[in-house]
Amino acid sequence: AVGEPAPASQTPTTNYGATLDAVSTMLEPVPAFYEQTVAEALATGRPLVVAFATPAFCVSRMCGPVMDVVAAVHRDYGDRTRFVHVEPHDLESARTTGRLKLTTAANEWRLPTEPWVFVVGADGIVRARFEGLFGADELVAALKPLLN
């Protein structure tokens with residue numbers, strides 16, 4: 001919830017040999033979204049945007065458009081803010097069995113649905129959250145007060 005500490009989740013990255021396809025279902029993944037775990041990004045002392053969305057398996061069909069918004073904001077603010085994309089479902093299970101099993105990170109963040117995007121201050125406190133569709137202007141408005 002807004003005002004609570006963000007969970008320091010250990011999320012998949014490409015730093016240990018995983019390919020982008022192994023950690024993302026975005027059609028055009030942004031490599032920077034997968035360079036750090038949520039825990040590592042929180043430790044940098046910078047604001048953080050955490051997006052939980054699964055474009056390929058999204059039940060609501062809003063995940064692709066939400067990730068497009070996050071990617072657009074990243075282009076303008078990625079030099080001052082960390083961005084992490086987390087697939088909320090176990091991709092191996094989804095791809096091989098079609099079953100959508102929540103990941104540990106999705107459970108830690110208590111996500112009943114998807115997509116969700118959280119804006120976290122440099123102090124690790126959740127400052128804003130968005131469920132479903134929203135515009136880039138809304139994300140920027142939540143992020144700007146956190147930038148030095």
Side-chain angles (χ1 to χ4, degrees), residues 1-2 4-60 62-132 134 136 139-140 142-144 146-148:
V2 171
E4 291 183 354
S9 300
Q10 296 298 327
T11 52
T13 71
T14 54
N15 289 343
Y16 305 101
T19 63
L20 285 174
D21 287 345
V23 297
S24 177
T25 64
M26 288 181 69
L27 290 178
E28 295 180 27
V30 178
F33 290 0
Y34 312 97
E35 293 174 350
Q36 294 183 312
T37 66
V38 170
E40 291 167 340
L42 285 169
T44 67
R46 285 183 160 182
L48 169 64
V49 174
V50 182
F52 286 88
T54 182
F57 301 106
C58 194
V59 174
S60 68
M62 290 188 256
C63 295
V66 162
M67 291 309 300
D68 290 344
V69 168
V70 172
V73 173
H74 174 264
R75 283 191 289 275
D76 292 333
Y77 294 91
D79 60 335
R80 295 175 280 167
T81 305
R82 299 291 181 205
F83 286 76
V84 176
H85 170 225
V86 182
E87 293 279 342
H89 303 291
D90 178 277
L91 290 184
E92 184 177 342
S93 175
R95 288 174 172 151
T96 59
T97 69
R99 294 182 128 160
L100 298 181
K101 177 183 164 194
L102 286 178
T103 63
T104 299
N107 283 316
E108 289 171 345
W109 287 71
R110 301 185 308 264
L111 301 180
T113 59
E114 33 82 32
W116 281 88
V117 174
F118 297 86
V119 177
V120 181
D123 59 359
I125 302 298
V126 175
R127 302 296 179 187
R129 66 183 188 168
F130 302 94
E131 178 185 15
F134 59 91
L139 183 54
V140 167
L143 186 58
K144 268 190 169 180
L146 305 176
L147 301 174
N148 295 334

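Lys101 NZ to Ser93 OG: the interatomic distance, rounded to the nearest 0.5 Å, is 6.5 Å. One finds the CH2 atom of Trp109 at 5.5 Å from the CZ atom of Phe52 (value rounded to the nearest 0.5 Å). Within the model, atoms CD of Glu114 and CD of Glu87 stand 9.5 Å from one another, a figure rounded to the nearest 0.5 Å. One finds the NZ atom of Lys144 at 12.5 Å from the CG atom of Leu146 (value rounded to the nearest 0.5 Å). With rounding to the nearest 0.5 angstrom, the OG1 atom of Thr54 is 7.5 Å from the CG atom of Leu100.
In this structure Gln10 satisfies the side chain to side chain donor-acceptor pair (under 3.5 Å) test with no other residue, sequence neighbours excluded. Checked against side chain to side chain donor-acceptor pair (under 3.5 Å), Arg75 has no partners two or more places apart in sequence or in another chain. The side chain to side chain contact (heavy atoms under 4.5 Å, CB included) test applied to Thr103 returns Ala105, Ala106, not counting sequence neighbours. Applying the side chain to side chain contact (heavy atoms under 4.5 Å, CB included) rule to Thr44 yields the partners Gln36, Arg46, Arg82; only residues at least two apart in sequence or on another chain are considered. Partners of His85 under the side chain to side chain donor-acceptor pair (under 3.5 Å) rule, at least two apart in sequence or in another chain, are Tyr34.
The nearest pair of heavy atoms linking Leu91 to Ala22 is CD1-O, 3.6 Å. Closest heavy-atom contact between Val30 and Ala71: CG2-CB, 4.0 Å. Closest heavy-atom contact between Ala53 and Cys63: CB-CB, 3.8 Å. The nearest pair of heavy atoms linking Met62 to Gly132 is SD-CA, 3.9 Å. Leu147 and Tyr77 get closest at one heavy-atom pair: CD1-CD2, 3.5 Å. The nearest pair of heavy atoms linking Val38 to Pro7 is CG1-O, 3.5 Å.
Under a 3.5 Å cut-off, the side chain of Thr25 and the backbone N or O of Ala56 do form a donor-acceptor pair. Between the side chain of Thr97 and the backbone N or O of Arg99, at least one donor-acceptor pair lies under 3.5 Å. Looking only at distances, no side-chain donor or acceptor of Thr81 sits under 3.5 Å from a matching main-chain atom of Leu48. Not one N or O on the side chain of Ser24 forms a donor-acceptor pair closer than 3.5 Å with the backbone of Leu20.
The local environment of CD in Glu92 is sparse, with at most 12 non-hydrogen atoms from other residues, nucleotides or ligands closer than 6.0 Å.
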Practice task
I would like to know whether Thr13 and Phe33 meet side-chain contact (heavy atoms from CB on, under 4.5 Å); could you show each step before the answer?
Solution key: CA-CA 8 Å; Thr13 71; Phe33 290 0; over 6 Å; no
Exercise for the section: Show your reasoning for whether side-chain contact (heavy atoms from CB on, under 4.5 Å) applies to Thr37 and Val84. Expected result: CA-CA 7 Å; Thr37 66; Val84 176; over 6 Å; no
Exercise for the section: Quick one: do Leu143 and Val49 satisfy side-chain contact (heavy atoms from CB on, under 4.5 Å)? Show the steps, please. Expected result: CA-CA 8 Å; Leu143 186 58; Val49 174; 4.2 Å; yes
Practice task
Walk me through it: do Leu42 and Val120 pass the test side-chain contact (heavy atoms from CB on, under 4.5 Å)?
Solution key: CA-CA 8 Å; Leu42 285 169; Val120 181; 3.7 Å; yes
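Between His74 and Phe83, the gap from one ring centroid to the other is short of 6.0 Å.
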Return a table of donor-acceptor pairs under 3.5 angstrom between the side chains of residues 124-131 and protein atoms on other chains or two or more places apart.
residue, atom, partner, partner atom, Å
Arg127, NH2, Asp123, OD1, 3.1
Arg127, NH2, Asp123, OD2, 2.2
Glu131, OE2, Thr113, OG1, 2.8

